Each structure stands twice: as structure tokens, then as C-alpha cells.
Amino acid sequence: MTNMNLETGTACERGDTEETVHTLECAWCSEEMEEAYDTTKDGEKLCEDCVDNDTVSCDQCYELIHVDDYYTVHGAPICSDCKDDNTVECDNCGVLEWDNIAHSDDSVTVCDRCYDLNYTRCYECSDILRLDEALLDRHADPYCTHCYVEESDVINDYMYKPIPRFYGVASEGDYYGVELEVDTPSGEYVDLHDAAESVLYWAEDEAYNKYDGSLDDGFEIVTHPLSFDYHMNEMDWEEILNDLRYKGMRSHDVGTCGIHVHISRRGFGDTEEEQDENVSKLLAIVERNWDEFVKFSRRTKGQLARWAASYCNFLEVDPKRVCEKELLSTAKRTGRYFAVNLENTHTVELRLFRGTLNINTFKATIQFVKAIRDLVVTHTMDDIKAMEWNDVAKYLEERGYEELNKYLEQRGLSYGVRSNDIPA
């Protein structure tokens with residue numbers, strides 16, 4: 001509306017002048033007034049009645065707004081300028097929200113009330129997602145679809161089994177796959193996702209992680225088939241084990257974890273007949289030296305009876321009297337929870353060893369399996385039957401593996417140590 005000035009009251013006929021009276025017209029109701037009662041932010045002059053009956057004050061800038069031309073945020077009136085400058089519209093319910101308390105990401109903006117009732121943020125990327133669309137991990141932390149898929153890639157389901165990839169050169173076909181179980185100390189929270197990511201950072205494509213139901217709150221690291229030299233010199237085992245320990249994971253200390261070492265069946269011969277012959281010798285050397293293998297494993301006989309049992313104990317026979325054919329036949333049909341597991345099509349698995357994050361103990365374990373494999377493929381069954389532990393220990397030490405020889409000494413299993421000197 002346009003303000004208008006009116007001039008009245010001239011008396012030229014009498015030769016005199018009267019004082020000019022200036023009056024205003026209210027911008028909203030057009031009533032005349034001698035002076036404005038108040039003014040809007042646009043400069044419109046208003047009468048008292050219009051101010052009292054037709055205006056509200058903006059909650060932010062305190063300027064007058066017509067009662068038909070204002071917005072509200074949490075019940076407070078605001079003008080259009082303050083709406084544009086200080087508020088956003090909720091994508092869920094459509095109401096205005098103060099921009100400093102709204103919840104926003106690159107794709108959605110919601111008011112505080114809608115966020116509390118219907119939304120959360122992805123634990124990994126912090127994007128907003130609806131509660132009914134959030135995917136929860138084992139700790140009930142919410143993930144968006146993208147990040148949850150990444151989580152699954154970091155720690156796979158127990159049944160996950162990719163096509164094996166072979167690393168390094170094993171001239172005799174004896175590739176070694178390792179399963180190292182790690183767990184969380186009782187009562188402590190450890191970010192499994194972060195710990196598992198550190199494994200993949202160092203291992204790149206040589207290993208993957210899987211959940212394992214035998215663990216309280218952990219996972220197992222599974223390598224693809226690697227040559228012995230690759231394990232010793234190419235695989236970043238020291239960095240992996242150090243990172244796991246730094247991030248709060250444990251293996252030896254928690255008591256639930258083991259190291260399982262798989263030897264490719266090709267490492268025992270090219271034909272099934274050759275493989276059976278050499279696996280029989282492996283079974284014989286383990287069973288005939290059971291007490292020493294138990295000492296090396298750092299497990300108790302009770303623990304091994306549950307997860308990596310002796311076949312001779314199962315059969316209740318003297319290992320020095322059992323027929324090697326009967327031993328092999330038993331191993332082929334009794335399941336996987338034995339020290340030497342023959343259930344796998346392409347590998348022979350040694351399951352005895354307690355888990356560890358100590359690099360020297362870890363390397364000694366792989367060296368021990370490699371040396372025992374070499375022993376059985378280079379000796380006859382008669383040689384194996386004639387061996388006492390002292391003969392086995394001598395062969396092991398002659399391999400020249402620094403970590404293994406130090407470990408044998410620590411465990412009282414070195415060459416020249418009498419059986420009754422072996423520590424429990």
C-alpha cells in the first residue's frame with residue numbers, strides 16, 4: 001500500500017494563512033492518523049488498531065509481521081527472511097526446524113523430533129538412515145546397506161570359502177594354509193571390524209577373516225595356500241600379530257583360540273596311494289609321540305580331547321601296537337575334531353596348537369609342521385616306528401629354524417632332554 005499525505009485548511013480570501021496539517025494513512029487499513037503507531041521492517045506505517053490486532057513479532061528479528069504472513073518454528077512466529085536464514089524443512093514431516101538443531105547429511109534433512117523417533121546414523125559413515133532400514137551388527141550398532149556390506153567383506157560368514165589362490169613356489173607341492181583364531185578378553189569391548197581391517201591391510205589378498213562359533217567374540221584369520229618360504233619371508237605376520245594385540249585382541253591368553261595348519265595333499269605325494277602312505281606315517285609319528293606333541297601345542301590333554309583328540313585314545317589302543325592301516329581308516333571316517341584331520345578334500349589339517357600373537361611362537365609352529373611333513377615324506381614307516389622323541393627332536397633341530405629351535409628349548413623338547421625332564 002502507498003502512504004499518502006493530505007494538505008487541508010487554506011484561507012487565501014481573508015489574506016491570512018493557517019498552519020498546514022499533515023495526516024498519514026495506515027498502510028493496512030487506510031485510516032487516517034496523525035502519526036504512525038509502529039512501522040514494519042518494510043517501512044510500512046501502521047495505526048494502533050492494526051498493530052494490536054493484526055501483527056505478531058518475529059521471534060528472531062523482533063520486526064512486525066501480519067498475522068496472515070508469518071511462519072512458525074516450535075510455535076514461535078518468524079518472518080520470511082528469518083525463515084530463509086535460520087530454518088530448514090524436515091524431509092519427513094514437512095515442518096520447519098532451526099538449522100542448528102536439524103539433522104542433515106548429503107541426502108536428507110530431518111527435524112529433531114523425527115530424528116529421535118524414526119532415524120539414526122550409520123556407525124561407520126555417519127549417514128542418516130531410518131531405524132527400520134538400519135542393519136545391525138553383532139554389537140547392535142546400526143549400519144547402512146553400503147557399510148554393512150563392507151563389514152561383511154571384512155569378517156565373512158563361517159561358511160565363506162573363496163576359490164584358493166596360491167602364493168609363492170613350493171617345489172614339492174607342500175603349500176600351507178593357516179587358520180589363526182583371535183578373541184576378545186572377557187568383559188572387554190574390542191572393535192572387531194577395526195581389528196579385522198588391520199589384518200586385511202597387511203595381508204592384502206593372501207588372507208581373509210571369518211566368524212567362528214567356537215569363539216566368544218572374535219574371528220579367525222584364514223590364509224590362502226602359501227609356500228613355507230612365503231609364510232616366513234613375504235607374509236607380514238609380525239605386523240598383523242602386533243596390530244591385533246594393539247587393538248585389544250588376544251589368542252593364547254583367552255583359552256578359546258587355536259592355530260590350525262593345513263598342508264596341501266600334494267605335499268604328501270602325487271597319487272592317492274603315495275598320499276595315504278605318507279599320511280599314515282604322519283599319524284604314526286603324532287600318536288607315538290603324543291605327550292611331546294601335547295607339550296609343543298601348549299594345550300592340555302583335556303582341551304585336545306575336545307578339539308584335537310588322539311586317535312589311539314579314541315580307539316583305546318597302544319600307539320606302538322596299532323596297525324597303520326587301522327589308524328588311517330579310523331582317521332578317514334571319524335570327523336574333524338582330531339589332532340590330524342583328514343576330512344578336507346585337498347588338505348591335511350593339524351589342529352593341535354594353541355593360538356598365539358607372539359611372532360616367534362607363531363613361526364615356530366609353522367616351522368614345526370613343515371619339518372614334520374619333511375620327516376614323514378623322507379623316511380619309511382619302519383624308520384618312523386623306530387624313532388623315539390629324541391630322534392625326532394634331533395631331526396627338527398637339524399633343519400636350522402631359529403624360532404623352532406628356541407621354542408623346543410623353552411618347552412624342554414630339545415634333543416638330549418629325557419622324557420621325564422619335559423615340563424608340563
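Keep in mind that this is a model prediction, so the values were computed, not measured. All heavy atoms count here, side chains included; hydrogens, waters and symmetry mates do not.
Side chain of E274 to main chain of D270: a donor-acceptor pair is present (N/O by atom type, distance under 3.5 Å, no hydrogens or angles). Within the 3.5 Å criterion, the main-chain N or O of Y415 finds a donor-acceptor partner in the side chain of E397. A donor-acceptor pair under 3.5 Å is absent between the side-chain atoms of R354 and the main chain of T300, judged by distance alone. Between the S297 side chain and the V294 main chain, a donor and an acceptor come within less than 3.5 Å of each other. Listed for the R373 side chain is no donor-acceptor partner under 3.5 Å among the backbone atoms of F268. Using modelled atom types, no side-chain atom of D217 and backbone atom of T184 make a donor-acceptor pair closer than 3.5 Å. Looking at E124, its side chain never comes within 3.5 Å of a backbone N or O of Y143 through a donor-acceptor pair. Using a distance-only test at 3.5 Å, with no hydrogens or angles considered, a donor-acceptor pair links the side chain of S264 to the main chain of Y175. Listed for the N156 side chain is a donor-acceptor partner under 3.5 Å among the backbone atoms of N209.
Heavy atoms from other residues, nucleotides or ligands lying under 6.0 Å from NE2 of H74 number more than 12. Atom CD of E409 is surrounded by 12 or fewer heavy atoms from other residues, nucleotides or ligands within 6.0 Å. Within 6.0 Å of the CZ atom in R113, the count of heavy atoms belonging to other residues, nucleotides or ligands does not exceed 12. Around atom CZ of F166, more than 12 heavy atoms belonging to other residues, nucleotides or ligands sit under 6.0 Å away.
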All N/O donor-acceptor pairs, side-chain side in residues 331-340, below 3.5 Å, sequence neighbours left out:
residue, atom, partner, partner atom, Å
K332, NZ, D276, OD1, 3.3
K332, NZ, D276, OD2, 3.0
T334, OG1, T330, O, 2.8
R336, NH2, Y158, OH, 3.4

Side-chain donor-acceptor pairs of residues 55-67 under 3.5 Å, sequence neighbours excluded:
residue, atom, partner, partner atom, Å
T55, OG1, V51, O, 2.6
S57, OG, Y62, O, 3.3
H66, ND1, D68, N, 3.0

Under 3.5 Å, sequence neighbours excluded: what are the donor-acceptor pairs made by side chains of residues 77-87?
residue, atom, partner, partner atom, Å
D81, OD2, K41, NZ, 3.2
N86, ND2, C82, O, 3.3
T87, OG1, K83, O, 2.6

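In this structure, a donor-acceptor pair under 3.5 Å is present between the side chains of T256 and D183. Looking at D49 and N53, their side chains never bring a donor and an acceptor atom within 3.5 Å of each other. A side-chain donor-acceptor contact under 3.5 Å links D174 and Y176. Neither side chain, W28 nor D54, offers a donor N or O lying under 3.5 Å from an acceptor on the other. Between the side chains of T40 and D42, no donor N or O sits under 3.5 Å from an acceptor N or O. Side-chain contact check for E89 and T109: no donor-acceptor pair (N or O, by modelled atom type) lies under 3.5 Å.
One distance of note links CG of D318 with SG of C312; it measures 7.5 Å at 0.5 Å rounding. Separating the CD1 atom in I372 from the CD1 atom in I285 is a distance of 4.5 Å, to the nearest 0.5 Å. Between T356 atom OG1 and N358 atom CG the span is 4.5 Å, to the nearest 0.5 Å. A distance of 13.0 Å separates NZ in K247 from CZ in R245, rounded to the nearest 0.5 Å. Here the straight-line distance linking atom SG of C90 with atom OH of Y115 works out to 13.0 Å at 0.5 Å rounding. Rounding to the nearest 0.5 Å places CG of N390 at 11.0 Å from CG of L413.
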- Item | Evaluation steps, side chain to side chain contact (heavy atoms under 4.5 Å, CB included), between I366 and Y401 | CA-CA 10 Å; I366 301 176; Y401 301 136; over 6 Å; no
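Residues F296 and Y407 place their aromatic rings such that the two centres sit under 6.0 Å apart. The aromatic ring centres of Y208 and H224 sit less than 6.0 Å apart. In this structure, the ring of H379 has its center less than 6.0 angstrom from the ring center of Y395.
Salt bridge K295/D291: absent, no basic N to carboxylate O contact under 4.0 Å.
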